[in-house]
Amino acid sequence: MSRFWKPGSEKPSTLLVDDEEGGVVFLPSSSSVSSSGFGYASLERQRQRLPVYKYRKAILYLVERHATTIVVGETGSGKSTQIPQYLKEAGWADGGRLIGCTQPRRLAVQMVASRVAEEVGVKLGEEVGYTIRFEDQTNPGMTMIKFLTDGVLIREMMEDPLLTKYSVIMVDEAHERSISTDMLLGLLKKIQRRRPELRLIISSATIEARSMSTFFNIRRKNSLLGSSDNLPSPEPAVLSVEGKGYTVEIHYVEEPVSDYLQATVNTVLLIHEKEPPGDILVFLTGQDDIEAAVKLLNEEIQHLGRHYLDLLILPLYSGLPRGDQDLIFAPTSKGKRKVVLSTNIAETSLTLEGVVYVVDSGFSKQKCYNPISDIESLVVAPISKASARQRAGRAGRVRPGKCFRIYTEEYYLTEMQSEGIPEMQRSNLVSCIIQLKALGIDNILGFDWPASPSPEAMIRALEVLFSLGILDEDAKLTVPIGFQVAEIPLDPMISKMILSANDFGCSDEILTIASFLSVQSVWVSVRGVKKEFDEAKLRFAAAEGDHVTFLNIYKGFHQSGKSSQWCYKNFLNYQALAVRKAIIAGSFTNACHLEEYSQNGMYKTIRTLQEVYIHPSSVLFRVNPKWVVYQSLVSTDKHYMRNVIAIEPSWLTEAAPHFYQFRAFNPAPH
DNA sequence: GAGCACTGC
């Protein structure tokens, strides 16, 4: 067991560093120091110590001469905070122009913006500001550097399609390839054709920059005019900036393991036994895995005795109650070693201080999408090399660290994909396409994406939008429904439902339901008190289905204290009918019929004859009404319908005659 | 009688 590992042979080219700008940094309260105490001169010295400082001139030179500059940053180089300041100092914000810098996450926007405001020595929201959904901290006419999420910038294009206020736009964390980042990159490329003077900076942690460079290498129509004009070269420049993380020694297993959970647990114990102090961060796939590993670890510790009681075992995933999450960031008491068992949340979204050892299972849960069945599912899949490097980098934050990979070096070198598949190619595109349509992009199939989604996925999304009446036969947004739906920042099916509610006089109720549908789940906040929970749910359960149940909950909440007196049931039934029709207007494409003679509650979808079942969390579970529509589908061992409502089949023809006119409503028994 | 990787407008 002690010779479990062999050192890896990675060269400094894969030197691992951490990102301080993309993630959220939590400092133990005992060691946290407010940097504002250092004063201006010290802040300036800190700025000059950042690796990116050496490249200040080079960056400004390239941005001046090239329409697009790709900065490959071993993260931690300070590029997110420094480059916008360099641009401002060089005059890119003169004349009322804006320097924009996008981030994929809201917290990152806020943190980078406040750091930069501090460094520039101004009040946040004035010269340096930020915009995220629900919060605009900018001052038009005053703000020069503006941080925003990429989603907000896409929304801004609806008002100002060429983003004329911006002289430079920096797209940060482009390697993460989120849907909104990819959409933004495609749109910015389009804008550049119309605004050749607009400068783009694409900041990426991986060398995938090469394909990015090909993507942005546009041929300008008027290139015959020669270089005498003031336009920058359309050929992208690429610049590499090193990071400032510590080296991380990589270890692999010698033989493939059969049980990665057990191997992970063994590795944690081995680190604790052999290695000097320093916290351990373990990457697993999900809550199930994490809970199983916690259990295994606790069992082993019971057997192994006193020394191992110094291990402080902490799970970390997004669904964790707030109080439990705080434990992760509390300082480790003396003589204790923290072991954080985490999902991918610790890979990009938040940063743990004090981690010196990383254990990488090599797997994560990833969304995947089948455009034929129109089903999105979460599957456990091997991670990419880029992910593996990112995970390892988490060990090199405070001092040189070690990363233990629960896979062989050969597997890493020969079988692991170098980059993950962009989210765009693993998703339902309904929301994405409606946004492009709203921006006036008619030829969706011809849109120039950094990574094209499959034609099947695009056609499926167009079909769904057409059937909802959001697009017409020419695939243009309908008036007014299509344009209205595009403006509402929700799932288009929910938006359509809200708009239809007006016709049925139940807007209040539908808005309540829509807000329930737009959160993860209304039930999850209760854990560990299963019996009371089930009883509470029964009190609110409505025969019509989950949607009306939400309404009951809200009403009960609203009239708190009188929850036992639900004596206006008839009135509720009358309302509920109209409410259900409005719901159908949004989700009739998700109608399902109970299979006759089915003993186990099997339904088939009307559209694709897919086998589906009512999710056990639904109030209609085991009730099995003949006809239902569902809000969403989750796939595990079976396809489960979540948020289900009972309907009359005639409502379908009423809501969507164009969709259902040729279909039979009495499928022959078989 | 099952489950929730992570974001965002």
Side-chain angles (χ1 to χ4, degrees), chain A residues 22-24 102-109 131-136 148-159 173 176-184 283-291 315-321 342-350 361 363-368 376-381 383 387 390-391 420 423-424 426-427 431-432 434-435 438-439 485-492 494-495 518-527 530 533-534 537 600-601 613-623 632-642:
Chain A
V24 185
T102 73
Q103 299 286 330
R105 281 171 292 280
R106 296 162 50 102
L107 258 162
V109 168
T131 307
I132 55 180
R133 190 188 185 185
F134 300 134
E135 201 181 345
D136 184 9
L148 65 176
T149 49
D150 30 30
V152 167
L153 190 58
I154 292 173
R155 285 269 154 186
E156 283 190 6
M157 286 184 201
M158 295 191 186
E159 300 286 311
E173 312 287 346
E176 286 188 22
R177 306 300 301 271
S178 71
I179 290 184
S180 50
T181 305
D182 268 18
M183 269 178 73
L184 183 61
F283 285 102
L284 295 169
T285 59
Q287 190 177 338
D288 275 1
D289 256 17
I290 289 169
E291 278 167 6
L316 174 61
Y317 44 86
S318 73
L320 206 64
S342 173
T343 61
N344 255 4
I345 193 170
E347 194 179 303
T348 50
S349 300
L350 50 86
S361 66
F363 292 98
S364 70
K365 277 195 186 173
Q366 289 160 35
K367 187 167 70 183
C368 73
E376 263 184 358
S377 36
L378 268 183
V379 293
V380 171
I383 59 168
S387 253
Q390 175 75 12
R391 288 179 171 190
E423 191 187 8
M424 183 72 77
R426 297 183 281 118
S427 304
S431 297
C432 172
I434 198 171
Q435 276 193 299
L439 289 168
V485 168
E487 260 183 53
I488 303 176
L490 292 172
D491 181 306
I494 297 179
S495 307
S518 300
V519 298
Q520 291 259 342
S521 164
V522 59
W523 305 111
V524 285
S525 55
V526 194
R527 284 184 78 86
K530 201 174 171 326
F533 170 59
D534 286 346
K537 196 157 145 186
N600 58 352
Y613 298 83
I614 294 181
H615 195 282
S617 69
S618 167
V619 295
L620 294 183
F621 180 68
R622 278 202 293 230
V623 177
S632 62
L633 216 52
V634 292
S635 316
T636 50
D637 55 330
K638 291 175 187 167
H639 297 308
Y640 287 102
M641 303 180 270
R642 287 178 71 193

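Only heavy atoms go into these numbers, but all of them, side chains included; no hydrogens, no water, no symmetry mates. In what follows, chains are A, B, ... by sequence order, proteins preceding strands, each numbered from 1.
Look at A:T343 and you'll find a side-chain N or O under 4.0 angstrom from OP1 or OP2 of B:dC6. Between B:dT7 and A:S178, no contact under 4.0 Å exists linking OP1 or OP2 to a side-chain N or O. At B:dT7, none of the side-chain N or O atoms of A:R133 fall inside 4.0 Å of OP1 or OP2 (strictly under the cut-off).
Candidate nucleotides B:dC6, B:dG1, B:dC9 were compared by shortest atom distance to the side chain of A:F621, and B:dG1 ranks first. Set against B:dG1, B:dG8, B:dC9, the side chain of A:P616 has B:dG1 as its closest nucleotide. Distance from the side chain of A:V634 is smallest to B:dC4 among B:dC9, B:dA5, B:dC4. Distances were taken from every side-chain heavy atom of A:Y317 (C-beta onward) to each of B:dG8, B:dC6, B:dA2; the shortest belongs to B:dC6.
Counting any heavy atom pair closer than 4.0 Å across all strands shown, A:S180 reaches no nucleic acid atom. Using a 4.0 Å heavy-atom criterion, one finds that A:I132 contacts the sugar-phosphate atoms exclusively. Within the 4.0 angstrom heavy-atom criterion, no nucleotide atom of any strand lies near A:K638. Within 4.0 Å (heavy atoms only), A:L378 reaches at least one base atom of the nucleic acid.
Atom-to-atom, CD1 of A:I383 to P of B:dC6 comes out at 16 Å; the value is rounded to the nearest Å. The separation between A:I290 atom CD1 and B:dA5 atom P is 8 Å, rounded to whole Å. What separates OH of A:Y640 from P of B:dA2 is a distance of 5 Å, to the nearest Å. The interatomic distance linking A:R642 (CZ) with B:dG1 (P) rounds to 19 Å, in whole Å. Regarding A:E347, its CD atom lies at a distance of 13 Å from the C1' atom of B:dT7, rounded to whole Å. Counting to the nearest Å, the C1' atom of B:dT7 and the CD1 atom of A:I154 are 13 Å from each other. B:dC9 atom P lies 12 Å from atom CG of A:L153, rounded to whole Å. For the pair A:Q287 CD and B:dA5 P, the computed distance is 6 Å after rounding to whole Å.
Checking A:N344 against A:H615, the closest nucleotide of DNA chain B that is more toward the 5' end is the one next to A:H615. In this structure, A:K367 and A:D150 both approach DNA chain B, and ranking their closest nucleotides by distance from the 5' end singles out A:K367.
In this view, A:D289 satisfies the salt bridge (charged side-chain N to carboxylate O under 4.0 Å, His left out) rule with no residue, not counting sequence neighbours. Take A:F363 and apply the ring pair (Phe, Tyr, Trp, His ring centres under 6.0 Å) test, not counting sequence neighbours, and it matches A:Y260.
Side-chain contact check for A:K365 and A:T343: no donor-acceptor pair (N or O, by modelled atom type) lies under 3.5 Å.
Residues A:Q390 and A:F283 are not in side-chain contact: their nearest non-hydrogen atoms beyond the backbone lie 4.5 Å or more apart. The shortest distance between side-chain heavy atoms of A:T181 and A:E423 does not fall below 4.5 Å. Using a 4.5 Å heavy-atom cutoff, the side chains of A:S618 and A:M641 are not in contact.
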